[in-house]
Amino acid sequence: MTTTDIITAILELSAGIGIFLIACAMMSSNLESLSSNKLKSLFSKASGSKLLGVGIGAVGTAAIQSSGATTVMVIGFVNAGIMSLAQAATIIFGANIGTTITGQIVALGMFGTDMISTTVIFSALAGVGAFMTSFAKSDTAKKTGGILAGFGMLFVGLEMMSASMDSFARLDSVKNFLAGIENIVLLIVIGALLTAIVQSSSVMTSVAITMVVSGLITLEQGIFLTMGSNIGSCVVALMAGLTSGKNAKRTATIHLIFNISGVVLFTLLGLLVNFGAIFESLFPGAPQTQLAMFHTVFNVCTAIVALPLTEILVKAVKRLIPDDSEPVEQEKDTPRLHYINDYMLKTPPVAVQQTKYEIVNMAEIAMQNFSLSCKIIQTLDFSDIEQFRSNEEELNYLNKQIVNYLVKLSNLPLNANDRTYISTAFHAVTDLERVGDYAENIVQYAEHLKNANEHFSNDAVSEVEAVRELIEELFSHTMKAYIGNDREALDLAFETEDMVDIVTSEMADNHISRLGTGECTADVGAQYLSLSSDAERVADHFINVGKAITSYS
């Protein structure tokens with residue numbers, strides 16, 4: 001081969017990997033978008049049955065063609081508290097099984113006949129999908145076209161990788177170099193590193209299959225490269241988990257420990273058993289099937305071994321990552337996002353769900369500050385002012401960060417329901433930020449009263465307490481409606497909001513009466529009227545958040 005041939009082969013390999021990666025992302029995003037609600041429902045059904053969890057993980061991953069996406073989705077559910085660590089572990093076991101479907105598809109595509117190879121047939125689907133995406137009118141048809149186009153492009157990329165491997169196979173220097181890599185630990189490390197770089201075990205497995213088929217490496221070498229890819233596939237989950245809550249970190253660690261343990265187990269077995277010889281005898285003359293089947297058997301066996309040890313694994317991870325101690329408590333004063341991070345953007349349906357939890361968290365902080373502000377102005381006791389200031393700082397931080405996240409999310413492929421939710425979420429964040437502003441106003445009124453050596457009358461204090469309790473009730477109904485798309489809870493919220501309007505109107509009338517009897521001064525009355533007006537607006541902003549469900553539920 002000439003230098004030009006070598007450079008061409010390298011460029012061809014790079015192009016093939018690039019097309020393969022884009023194809024996987026294209027299939028995954030469109031599949032997620034079409035089936036997001038079904039997937040959320042599917043994963044939420046992972047109950048006490050370990051086998052059900054494994055089955056859900058396998059089916060879900062096979063459906064969206066990405067174990068990374070499944071694991072990030074599970075991390076999101078654990079982080080939100082709607083799935084236990086044990087349930088998450090079983091789904092992760094199943095996800096490793098489901099991801100082997102890509103290798104099986106690739107192996108199938110490498111079979112051919114004297115007339116037309118399956119690779120060419122499958123590749124043609126890229127054109128079919130492209131036409132559907134370009135000319136279809138319905139959103140479902142366009143996304144179906146995107147799935148077909150991605151599926152076809154996967155084989156276009158595979159064909160380019162295979163062609164480049166054939167070119168390298170003609171170079172004795174390359175063959176001799178690869179033949180010299182006999183250390184199984186080194187092969188596992190190479191597989192893990194390459195997978196971590198491309199962030200796709202499917203790509204690494206597919207490259208290994210094409211290398212085995214072209215004769216660049218032996219089946220035994222391909223087996224250990226593939227095993228290493230299982231470890232490298234943990235990178236996405238680790239990134240998502242490490243920037244989330246404690247249980248999210250534990251979930252990501254379970255994924256890592258499970259994958260490493262499986263590789264260690266099979267590596268030890270590999271010292272006693274020649275996996276290559278076994279699968280060559282089982283599937284003679286089909287090296288692509290030999291490696292693809294090993295990948296499936298490997299992941300099924302590791303899941304079978306790990307399943308009875310689920311509880312032990314969960315306990316071990318809890319010891320590795322214990323609950324908060326005193327020094328960690330101080331970190332809570334630092335504003336941060338609790339449920340969302342950029343790694344979840346790889347799975348838009350989950351990112352949407354997690355954004356809702358982050359907004360609910362922001363709402364709870366806003367409600368807490370309103371309650372604190374009422375307490376402060378009732379008692380003129382400023383002992384909670386540091387907590388109030390900390391909450392206000394976090395509200396401002398969450399306002400900016402959630403809006404930035406929503407902008408990123410709005411540019412991703414989403415189904416119509418999720419896209420409508422995102423548009424309402426912008427308004428919800430603004431409403432909650434305004435609640436924080438009104439709470440801050442009330443604290444300022446309290447500071448003014450204290451500096452003037454004034455205070456509210458006992459009747460006024462009781463009225464403030466009454467409106468605070470009503471708004472807390474309104475908040476409870478609103479959050480129930482917002483979280484569960486509960487129309488009955490929304491109706492109760494509207495009823496409570498009407499009561500707030502009545503009470504705040506009565507507060508103004510009562511103030512006029514007290515002013516006439518000299519029970520309060522004009523200065524105190526001004527602060528009181530401002531508070532009643534602010535309380536009414538706080539109720540309006542909370543009800544606005546609840547009303548959003550009428551747009552998408």
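- Put simply, the side chain of Tyr405 reaches to within 4.5 Å of the side chain of Asp342, judged on heavy atoms.
- For Asn404 (side chain) and Lys400 (main-chain N/O), a donor-acceptor pair under 3.5 Å exists by modelled atom type.
- Judged purely by atom type and a 3.5 angstrom limit, Gln354 has no side-chain atom pairing as donor or acceptor with the backbone of Ile340.
- Side-chain N or O atoms of Glu358 include one that pairs as donor or acceptor with a backbone N or O of Tyr339 at under 3.5 Å.
- Between the side chain of Lys318 and the backbone N or O of Arg250 there is no donor-acceptor pair closer than 3.5 Å.
- Note on ring orientation: taking the six-membered ring where Trp is involved, the planes of Phe279 and Phe294 are perpendicular (angle over 60°, cut-offs 30° and 60°).
- Side-chain contact between Leu307 and Leu51: present, with at least one pair of heavy atoms (C-beta onward) separated by less than 4.5 Å.
- Between Tyr421 and Tyr482, the angle of the ring planes lies from 30° to 60°, which puts this pair in the tilted group.
- Note: Met204 CE to Ile209 CD1 = 10.5 Å, rounded to the nearest 0.5 Å.
- Residues Lys356 and Asn485 share a closest heavy-atom pair of NZ-OD1, 3.6 Å.
- Between the Thr296 side chain and the Ala292 main chain, a donor and an acceptor come within less than 3.5 Å of each other.
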With side chain to side chain contact (heavy atoms under 4.5 Å, CB included) as the test, would you mind laying out the steps for Thr550 and Arg487 before giving the verdict? CA-CA 8 Å; Thr550 60; Arg487 294 299 184 100; 4.3 Å; yes

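- Checked by atom type and distance alone, the side chain of Asn259 pairs as donor or acceptor with a backbone atom of Asn230 at under 3.5 Å.
- Here the straight-line distance linking atom NE2 of His295 with atom OG1 of Thr99 works out to 6.5 Å at 0.5 Å rounding.
- Considering all non-hydrogen atoms of both residues, Ile549 and Ala481 come closest at CG2-O, 3.6 Å.
- No option in Leu313, Val317, Ile254, Thr310 other than Ile254 meets the side-chain contact (heavy atoms from CB on, under 4.5 Å) test with Leu85.
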Set out, in order, the CA-CA distance, both residues' side-chain angles and the distance that settles side chain to side chain contact (heavy atoms under 4.5 Å, CB included) for Val300 and Thr100, then state yes or no. CA-CA 10 Å; Val300 169; Thr100 63; over 6 Å; no

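- Counting all heavy atoms, side chain and backbone alike, Gly103 lies closest to Thr205 at CA-CG2, 4.5 Å.
- When every heavy atom of Ala363 is checked against every heavy atom of Met479, the shortest pair comes out as CB-SD, 3.7 Å.
- A side-chain donor-acceptor contact under 3.5 Å links Tyr357 and Gln353.
- Other residues, nucleotides and ligands place more than 12 heavy atoms under 6.0 Å from the CZ atom of Phe426.
- Scanning all heavy atoms of the two residues, the minimum distance from Val407 to Asn411 falls at O-ND2, 3.2 Å.
- Ile19 has its side chain within reach of Met160: a pair of non-hydrogen atoms, C-beta onward, lies under 4.5 Å apart.
- When ring centroids are compared, Phe298 and Phe275 stay outside the 6.0 Å threshold.
- Note that OG1 of Thr424 and CD1 of Ile359 are 7.5 Å apart. Values are rounded to the nearest 0.5 Å.
- Interatomic distance, OG1 of Thr267 versus CD1 of Ile223, reported as 11.5 Å (0.5 Å rounding).
- Residues Asn96 and Phe258 come closest through the heavy atom pair ND2-CE2, 3.3 Å.
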Might you work through the side chain to side chain contact (heavy atoms under 4.5 Å, CB included) test for Leu271 and Ile184, ending with a clear yes or no? CA-CA 9 Å; Leu271 298 174; Ile184 58 177; 3.9 Å; yes

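- Going from atom CG of Asn361 over to atom CG of Leu337 covers 9.0 Å, rounded to the nearest 0.5 Å.
- Counting only distance, with no hydrogens or angles, the side chain of Ser423 and the backbone of Thr420 share a donor-acceptor pair below 3.5 Å.
- Judged by distance alone, with hydrogens and angles left aside, the side-chain atoms of Ser14 form no donor-acceptor pair with the main-chain N or O of Ile10 at under 3.5 Å.
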Verdict with supporting geometry, Ile257 and Leu320, side chain to side chain contact (heavy atoms under 4.5 Å, CB included): CA-CA 11 Å; Ile257 291 175; Leu320 282 173; 3.9 Å; yes

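- The number of heavy atoms from other shown groups lying within 6.0 Å of NZ (Lys480) does not exceed 12.
- The CD1 atom of Ile147 sits 9.0 Å away from atom CE of Met132, with the distance rounded to the nearest 0.5 Å.
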